[in-house]
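Worksheet: the structure to be examined is printed underneath.
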Amino acid sequence: MMESKIPEGPLSEKWSTYKSKAKLVNPANRKKLNIIVVGTGLAGASCAASLAEQGYNIKSFCFQDSPRRAHSVAAQGGVNAAKNYKNDGDSTFRMFYDTIKGGDFRSREANVYRLAECSAALIDHAVAQGVPFAREYAGYLNNRSFGGVQVSRTFYARGQTGQQLLLGAYQALERQAALGKVSLYTRHEMLELVVIDSKAKGIIARNLETGKLERHAADAVVLASGGYGKVYYLSTLAMGCNSSAIWRAHKKGAFMAGVSWIQFHPTSLPQHGENQSKLTLMSESLRNDGRIWVPKKVADDRNANAIPEEERDYYLERRYPSFGNLAPRDISSRAAKERIDAGHGVGPMKNAIYLDFSDAIKAQGKDKIEAKYSNLFAMYEKITGINAYKEPMLISPSAHFTMGGLWVDYELMTTIPGLFALGEANFADHGANRLGANSLLQACVDGYFIAPYTIPNYLAGELNLPKPDISHPAFEEAEKTVRRQLDRFLHTNGTLSADYFHKKIGRLLYEKCGLSRSREKLEEAIVEIRELKASFEKDLRITGDNTLNSELEKAGRIADYIELAELMCYDALQREESCGAHFREEYQTADGEAIRNDDEFCYVSAWEWKGLNNEPELHKEPLTFESVELAVRSYK
């Protein structure tokens, strides 16, 4: 059931080998095949546009009012590619190794190498689309560094890289829509996967403007619906981001993998009040020039500029001198939390650290810092009222990216044949921690360069089989399941809002399955989640009816979050080691560094849904390393 399908041969030749042997579909037959793509971010839009260009019929779904509103638009800092423009020692293999090491050796070699291998082509593709990457005076594309690496391989468009890349993908998608090869379904939310004869054959979607449930059949289904970091309530993600598409697929038989590998971004703006519902991301690129520090004195209330140099603790530079302020995200976030918990936090709620640009401004001049980061500084001042050219930024770790997701094989197909998962919706490339600027890369590579080979390889075997039809009993049963759930939400008649439960589950996870975990806290969390689930089922109150109703939308997403949260805690509990973003308090060195256990846990944890109120079943995919040696991850 969990066959990774990794091609034979040397690592550097696996993807070429796969492409040379992949089955093809005759151009005349492609117009007979239908594909559903859920999500219009970089992974979804690029996949839909690429497959439509080949001649397949595509239905593209998003819950936003436009594909351009997908959350890829929010990514700031850049996209990685091993082009070695700086001639500083970068290569495909070095990028592969940095990514494997950054993920703490908990990802597949073959998938990660393919990511690095395809990276160079992405930059050329994006430039051809018109993405306005930053350039040097001579006209060459510019690069900067991101955390966890010692080369400059990040291509960027000021602090708007995600937006610019998404505009490129969106234009390609709209072109195919104008040609009639893509049918766009905006303001539609997938609420159920339809499986016929053990294969994915369609979805049930809800029109969010009318409340109508719709049946859509296809020969293959692609989920590119993003990550589930919003389960923590306070996160860098947009308010609408959710886990429902992948979770409904999980309950239909698709395994979830690495579920508790959650990345906390080290440069978010800190929470400033109890009624806050969203945290703002500041690009990690700021760590190229900003220095991170806290006062050495506990509970120091002085203005940052009044604290002399000798009374400042540049703790990342002190603890990780080789990488300093560009230490990987998981390490930087935990180090910040450790300083905050020790009483060195700053800001009104004492929940932040300083990101200081004074040295960079002195060395380079304000004009150069402004040229690099002006839009980020302007955004910071608009939100906080603080001029970061004159005093340090206040930043704090916050829930951000999910390395876990649906388990997929080398072809990006889940354990349900015909169901593919792309981008952050799958677990494939990042292991236990993602390096900065690899998320935009994975989403684009999956959609532009991988799915256009692997999905046709699957569809070639579907040509002569009966076509799925929305009158099939499986569609009827799936629609009934969705309708029963919506009716139950509307008629619970409790007293508590959906947001009440979202805040509860978010706080619980942050405290017990967040930046650090322990057996005691995780066991407590599982009990408390079950109690919260029981309360949700009897105490929820949804106003309005089954038409245009954002509260009803929230209820379904939060019901999924509660079930997902329990699985996250199971996943974190069974993995008795510290690796990447998964930090078990019982497994650390005397100076607080992670202790990984390769003898017992060098595998991907893939979970199978076993029904309501039943414990999930764990399946293990062993990880083998032939091209790199397992090593203790050190950035000192």
Side-chain angles (χ1 to χ4, degrees), residues 34-53 56-75 162-194 202-218 220-227 230 237-246 248-249 420-425 443-444 447 451 470 479 482 486 544-557 560:
N34 303 301
I35 303 169
I36 286 172
V37 181
V38 179
T40 57
L42 278 172
S46 59
C47 175
S50 298
L51 291 170
E53 182 83 33
Y56 298 97
N57 303 308
I58 309 296
K59 287 186 176 182
S60 171
F61 293 81
C62 67
F63 62 76
Q64 297 93 343
D65 56 3
S66 164
R68 288 178 58 182
R69 301 271 291 180
H71 192 56
S72 298
V73 76
Q163 180 182 15
Q164 298 303 326
L165 285 170
L166 185 61
L167 286 172
Y170 169 72
Q171 290 173 123
L173 180 67
E174 287 293 325
R175 177 174 178 268
Q176 295 303 319
L179 291 171
K181 296 304 295 180
V182 173
S183 298
L184 292 174
Y185 292 84
T186 60
R187 297 293 291 148
H188 279 69
E189 183 171 25
M190 170 188 160
L191 293 182
E192 188 65 287
L193 177 73
V194 178
I203 66 171
I204 304 297
R206 182 171 180 267
N207 184 321
L208 299 181
E209 294 178 345
T210 66
K212 180 184 176 183
L213 295 181
E214 301 175 4
R215 304 177 186 184
H216 296 272
V221 177
V222 179
L223 300 185
S225 52
K230 196 64 184 172
L237 277 69
M239 293 301 293
C241 290
N242 64 85
S243 66
S244 289
I246 61 173
R248 306 292 169 99
F420 295 80
L422 275 55
E424 197 178 351
C444 291
I470 60 173
E479 184 176 333
V482 171
L486 295 173
D545 58 20
N546 192 13
T547 54
L548 180 65
N549 191 340
S550 61
E551 289 302 303
L552 185 58
E553 296 166 30
K554 286 182 191 176
R557 296 168 187 171
D560 295 333

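We use all heavy atoms of the structure for the numbers below, so side chains are in, but hydrogens, waters and symmetry mates are not.
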Heavy-atom distance under 4.5 Å between the side chains of N242 and K230, does that happen here? no
State, yes or no, whether a side-chain contact exists between I36 and V222 at a heavy-atom distance under 4.5 Å. no
[atom1] of [X] to [atom2] of [Y]: how many Å apart, nearest 0.5 Å?
{"X": "E209", "Y": "L548", "atom1": "CD", "atom2": "CG", "answer": "7.5 Å"}
{"X": "C241", "Y": "E424", "atom1": "SG", "atom2": "CD", "answer": "8.0 Å"}
{"X": "L167", "Y": "L165", "atom1": "CG", "atom2": "CG", "answer": "9.0 Å"}
{"X": "L193", "Y": "I246", "atom1": "CG", "atom2": "CD1", "answer": "12.5 Å"}
{"X": "N34", "Y": "S183", "atom1": "CG", "atom2": "OG", "answer": "9.0 Å"}
{"X": "H188", "Y": "M190", "atom1": "NE2", "atom2": "CE", "answer": "14.0 Å"}

For [X] versus [Y], what's the shortest heavy-atom pair and its separation?
{"X": "V182", "Y": "A52", "value": "CG2-CB, 3.5 Å"}
{"X": "A238", "Y": "H71", "value": "N-CE1, 3.2 Å"}
{"X": "F420", "Y": "A220", "value": "CE1-CB, 4.5 Å"}
{"X": "E189", "Y": "F63", "value": "CB-CB, 4.4 Å"}
{"X": "A245", "Y": "V38", "value": "CB-CG1, 4.4 Å"}

Applying salt bridge (charged side-chain N to carboxylate O under 4.0 Å, His left out), can you list everything that pairs with [X], at least two apart in sequence or on another chain?
{"X": "E214", "value": "none"}
{"X": "E174", "value": "none"}
{"X": "R68", "value": "none"}
{"X": "R69", "value": "D65"}

Restricting to side-chain contact (heavy atoms from CB on, under 4.5 Å), what partner residues turn up for [X], sequence neighbours left out?
{"X": "V73", "result": "Q163, L166"}
{"X": "A217", "result": "P468, I470, F475"}
{"X": "T210", "result": "N207, K212"}
{"X": "N546", "result": "R206, L486, L490, L552"}

Under the 6.0 Å and 45° cation-pi test, does R175 pair with Y170? no
Which residues pass the side chain to side chain donor-acceptor pair (under 3.5 Å) test with S244, not counting sequence neighbours? D560
Any residue meeting side chain to side chain donor-acceptor pair (under 3.5 Å) with Q176, in chain and number order, not counting sequence neighbours: E53
Please assess K59 against V37 for the test side chain to side chain contact (heavy atoms under 4.5 Å, CB included), listing each intermediate value before the final yes or no. CA-CA 6 Å; K59 287 186 176 182; V37 181; over 6 Å; no
Polar side chain donor-acceptor pair, N57 to K181, under 3.5 angstrom: yes
Test ring pair (Phe, Tyr, Trp, His ring centres under 6.0 Å) applied to H216 - qualifying residues, sequence neighbours left out: F61, Y185
Could you give the side-chain donor-acceptor pairs of residues 40-50 under 3.5 Å, partners two or more places apart or in another chain?
unit_1	atom_1	unit_2	atom_2	d
T40	OG1	P67	O	3.4
S46	OG	L42	O	2.5
S46	OG	A43	O	3.1
S50	OG	S46	O	2.7

Just do the side chain to side chain contact (heavy atoms under 4.5 Å, CB included) check on T547 and N549 with the steps written out, would you? CA-CA 6 Å; T547 54; N549 191 340; 5.6 Å; no
